[in-house]
Asks: 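Following this message is one structure expressed as structure tokens.
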Amino acid sequence: MTCAHVLGLIDAGPFAEYSRAHLEAAREHARGCPTCGPALAAATALAVDLAALPQVPAPSGLAAGVMARIARTEAADALPVRSTSTPDWASWATTLGGLAAGVAAVLMILADDRIAWALQVVTGSADMPLPALPAAILSSVLFAGLVLYVTGLFAPVGAKRYR
Amino acid sequence: MSAPDRDVIRDVRAGNREAFGELVRRYQGRLFGLVLMMAREPAGAEEITQDTFVRAYTRLDHYDDRRPFYPWLAAIAVRLAQNWLRVHGRTVRREGTPLDAAVEPGTTAGALTALIADERGRQLWQAVGALPSGERTAVILYYRDEMAVGDIARALGVTSGTIKTLLFRARRHLRSRVEATS
């Protein structure tokens, strides 16, 4: 090994990355070289010193603080949680209300004379497509459906979590 | 003789929460020193160290027990410290205290070196503390914590080549400082 090789190895380091053969060859060269000898010794000493950097004492109570936080986290996780999502009844209300309002609206439209005539023309049938229900009933169903739908839509989200 | 990390972790996973305390006591010193060198603020370092252990406990299922425990723990600590620095670093700079200031009384390194009884150890910590942030972290993880270059790269989210470069620069800086003081 030449000085260039050894000095390059010292600079490129860390020593742990090199093979034993490489390091031994570098040491062999350094033993008789006035330049590489001190350089390799200084680099080795630095690595040894850094490896021996003293431990900094952790603050007293740190471990106890960690375990207390873990205990609190686990205790909180163990508490029952009320759902924060929309209650089930609200989903049903929006579905049924929307369905009722939709059906009522369709029936009201079909009950209109002009629409009925147009359907007869299109289908070629002289019969009314659907039985005509009283407008009052259809209006009531439509209104009730809309109320149910809106109530379900704006149902209060579940209560606060116990935690 | 204390039980290997793997056995302790197996205990914790089996439901023995108190067993995790053994891991905390085992690594709190090393971790605190690393975080303190990154955060440069003792109270912040203590907070980050606690957060690291708590997060490690809650995510123990994600730990691969075929690998050493400390590098995994250190990776969590490094990420939390980097997040903390992103928030608090701006505050520190606004107040006129540069984050990478040289060692001065009252700063982290002053408080830190006061904790180290040995004179030579203090000088070494001061020298490491004066390094730029990335070099400082790489030196501690590689030399003091004996982590492999690959593990350090994963912890810091960089390539192995970057770590080698940081270590190369750090050695140059430290050698110059040692030569200057001697």
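Throughout, a chain's letter reflects where its sequence line sits, starting with A, and its residues are numbered from 1.
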Asks: Is it true that, when you exclude A:His29 itself, more than 12 heavy atoms of the residues, nucleotides or ligands shown sit nearer than 6.0 Å to its NE2?
Replies: yes
Asks: Please report the interatomic distance CG(A:Leu53) to OH(B:Tyr143), rounded to the nearest 0.5 Å.
Replies: 11.0 Å
Asks: Would you say CZ of A:Arg20 has more than 12 non-hydrogen atoms from neighbouring residues, nucleotides or ligands within 6.0 angstrom?
Replies: no
Asks: For B:Phe20, is it the side chain, the backbone, both or neither that has a heavy atom under 4.5 Å from a heavy atom of chain A?
Replies: both
Asks: List the steps, then state whether side chain to side chain contact (heavy atoms under 4.5 Å, CB included) holds for A:Leu50 with B:Leu174.
Replies: CA-CA 10 Å; A:Leu50 289 173; B:Leu174 289 169; 3.9 Å; yes
Asks: Of the backbone (N, CA, C, O) and the side chain (C-beta and beyond), which part of A:Leu46 lies under 4.5 Å from a heavy atom of chain B, both, or neither?
Replies: side chain
Asks: Heavy-atom pairs under 4.5 Å with chain B are the metric here; pick the option from A:Val48, A:Thr73, A:Val66 that has the most.
Replies: A:Val66
Asks: Kindly work out whether a path of hydrophobic side-chain contacts (I/L/V/M/F/W/Y, heavy atoms less than 4.5 Å apart) joins A:Met108 to A:Val141.
Replies: no
Asks: Determine whether A:Leu62 and B:Phe53 satisfy the following criterion, side chain to side chain contact (heavy atoms under 4.5 Å, CB included), listing intermediate values before the conclusion.
Replies: CA-CA 10 Å; A:Leu62 186 141; B:Phe53 280 117; 4.2 Å; yes
Asks: Give, as side chain, backbone, both or neither, the part of A:Ala71 having an atom under 4.5 angstrom from any heavy atom of chain B.
Replies: both
Asks: Over all heavy atoms of both residues, which pair between A:Gly65 and B:Gln50 is shortest? Give the atoms and the distance, please.
Replies: CA-NE2, 3.8 Å
Asks: Return yes when atom OH of B:Tyr70 has more than 12 non-hydrogen atoms of other residues, nucleotides or ligands closer than 6.0 Å, and no otherwise.
Replies: yes
Asks: Flag the one option from B:Arg144, B:Glu18, B:Arg25 with the top tally of heavy-atom pairs under 4.5 Å to chain A.
Replies: B:Arg144
Asks: Looking at B:Arg55, I'd like to know if its CZ atom is crowded, meaning that more than 12 non-hydrogen atoms belonging to other residues, nucleotides or ligands lie closer than 6.0 Å.
Replies: no
Asks: If hydrophobic clusters are built by linking Ile, Leu, Val, Met, Phe, Trp and Tyr wherever their side-chain heavy atoms come under 4.5 Å apart, do A:Val103 and A:Leu142 end up in the same one?
Replies: yes
Asks: Determine, step by step, whether A:Met67 and B:Tyr57 satisfy the side chain to side chain contact (heavy atoms under 4.5 Å, CB included) criterion, reporting the C-alpha distance in whole Å, the side-chain angles of both residues, the deciding distance to 0.1 Å, and the verdict.
Replies: CA-CA 10 Å; A:Met67 298 311 292; B:Tyr57 178 82; over 6 Å; no
Asks: Could you look at B:Asp145 and say if it's the side chain, the backbone, both or neither that has a heavy atom under 4.5 Å from chain A?
Replies: neither
Asks: Measuring from B:Gln123:CD to A:Asp49:CG, what's the distance to the nearest 0.5 Å?
Replies: 10.5 Å
Asks: Going only through I, L, V, M, F, W and Y residues with side-chain contacts under 4.5 Å, is there a path from A:Val106 to A:Ile137?
Replies: no
Asks: Answer with side chain, backbone, both or neither: which region of B:Gln28 has an atom nearer than 4.5 Å to a non-hydrogen atom of chain A?
Replies: both
Asks: Looking only at heavy atoms and a cut-off of under 4.5 Å, which of A:Ala51, A:Ala42, A:Ala47 has the most pairs with chain B?
Replies: A:Ala51
